[in-house]
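Here's the structure we're looking at; comments come further down.
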Amino acid sequence: MATPVATIAFERAQLDDACWVDVARGFVGGLGHDPSEVYAAVRDGIAWQQGRVFRYERWIDEPRMGGMLRQGQQAPHIVLDETRRAIERHYGVGFGGCSFAYYRDHSDSMGLHRDRDMRWLDDTLIALLVLGDRRPFHLRPRANRYDHDAPHRGATVDVAPGHGDLIVMGGACQDRWEHGVPRPATPTGGRISAQWRWTSRQGRPVVGASYRAPRHFSRSR
Ligand SMILES: O=C(O)CCC(=O)C(=O)O
Ligand SMILES: [Fe+2]
């Protein structure tokens with residue numbers, strides 16, 4: 001079935017001369033689907049695992065669940081295939097498998113970080129299809145990363161994607177900016193993000209392990 005992506009507007013917020021985030025509000029509705037059906041299918045169809053991060057020399061539980069669909073694996077809802085095809089057409093690059101994060105309620109969160117496991121960070125695309133309750137999605141220039149006492153810990157942009165919205169961080173966003181899903185000010189229900197990543201592999205790869213790296217590359221340290 002043809003994906004009617006031409007009818008879906010991508011609005012670009014330019015973060016600086018090399019970094020941007022595209023926001024397509026109502027993306028799932030624009031594909032002709034009900035985001036609540038997609039949320040339920042993904043929540044019930046993904047084998048969720050407790051996320052783990054390596055911090056302060058030990059493994060700790062990450063306050064959210066994670067999941068993965070490798071390329072070619074059957075997706076729990078056709079919207080996942082349609083979204084991948086739509087972003088491949090829109091950006092003219094190929095995305096591989098899809099990873100997922102599940103914030104069961106407001107007490108789950110993801111701290112400000114960069115997706116350093118992409119390694120080549122000068123030109124990347126990180127596409128996030130968001131389902132469930134709207135929560136803040138903060139972007140912080142790396143220059144503000146020690147501003148812990150500033151409002152929002154130095155984050156200056158909140159794109160706050162809601163149920164069925166798609167956001168895409170692009171350009172040098174993983175080099176110069178951090179992003180995160182903080183705890184919201186008021187209680188919420190569940191939120192799921194489906195995530196596709198691409199890097200141009202141009203420029204200098206980052207060296208050294210990030211706190212996320214052990215989860216992806218090795219558990220023995
Ligand atoms: O859930 C989200 O919207 C973002 C998650 C994220 O940044 C990550 O898993 O690297
Ligand atoms: Fe991330």
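Counting starts at 1 for both ligands and their atoms, following the listed order. Keep in mind the model is a prediction, meaning the values are calculated, not measured.
Of all N/O/S atoms in Asp115, OD1 sits nearest the Fe ion (ligand 2).
Residue pairs satisfying the ring pair (Phe, Tyr, Trp, His ring centres under 6.0 Å) criterion with at least one member in residues 139-176, sequence neighbours excluded, are listed as follows: His138-His152.
Residues Arg114 and Glu178 are not paired through a salt bridge, judged by the lack of any N-O separation under 4.0 Å between the basic side chain and the carboxylate. Comment: Arg176 does not engage Asp122 in a salt bridge, judged by the lack of any side-chain N to carboxylate O separation of less than 4.0 angstrom. Using a 4.0 Å cut-off between charged nitrogen and carboxylate oxygen, Asp22 and Arg12 count as a salt-bridge pair.
Under a 4.0 Å criterion applied to the non-hydrogen atoms of Leu128, ligand 1 contributes the atoms 3 (O), 4 (C). Using a 4.0 Å cut-off to heavy atoms of Phe137, the atoms of ligand 1 that qualify are 3 (O), 4 (C). Close contacts of ligand 1 with Tyr103, meaning ligand atoms under 4.0 Å from a residue heavy atom, involve 1 (O), 2 (C), 4 (C), 5 (C). Counting atoms of ligand 1 from 1 in the listed order, those under 4.0 Å from a heavy atom of Ser193 are 1 (O), 2 (C), 3 (O). Shown in contact with Arg197 at under 4.0 Å from a heavy atom are these atoms of ligand 1, numbered in order with element: 8 (C), 9 (O), 10 (O).
Scanning Arg114, His179, Arg64 for the heavy atom closest to atom 9 (O) of ligand 1 points to Arg64. Here atom 6 (C) of ligand 1 lies nearest to His113 when heavy atoms of Glu62, His113, Arg135, Met118 are compared.
Relative orientation of the His90 and Phe10 rings is parallel, given thresholds of 30° and 60° on the angle between their planes.
Assignment of Met169 to the shell around ligand 1 is not supported, since no heavy atom sits closer than 4.0 Å.
Here the angle at the Fe ion (ligand 2) defined by NE2 in His113 and NE2 in His179 stands at 90°, rounded to 10 degrees.
Leu121 approaches Met118 most closely through the heavy-atom pair CD2-CB, 3.8 Å.
The part of Asp115 lying near ligand 1 is the side chain, judged by heavy-atom distances below 4.0 Å.
Between the Arg145 side chain and the Arg142 main chain, a donor and an acceptor come within less than 3.5 Å of each other.
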Side chain to side chain contact (heavy atoms under 4.5 Å, CB included) assessment of Ile126 paired with Trp196: CA-CA 6 Å; Ile126 312 286; Trp196 293 266; over 6 Å; no
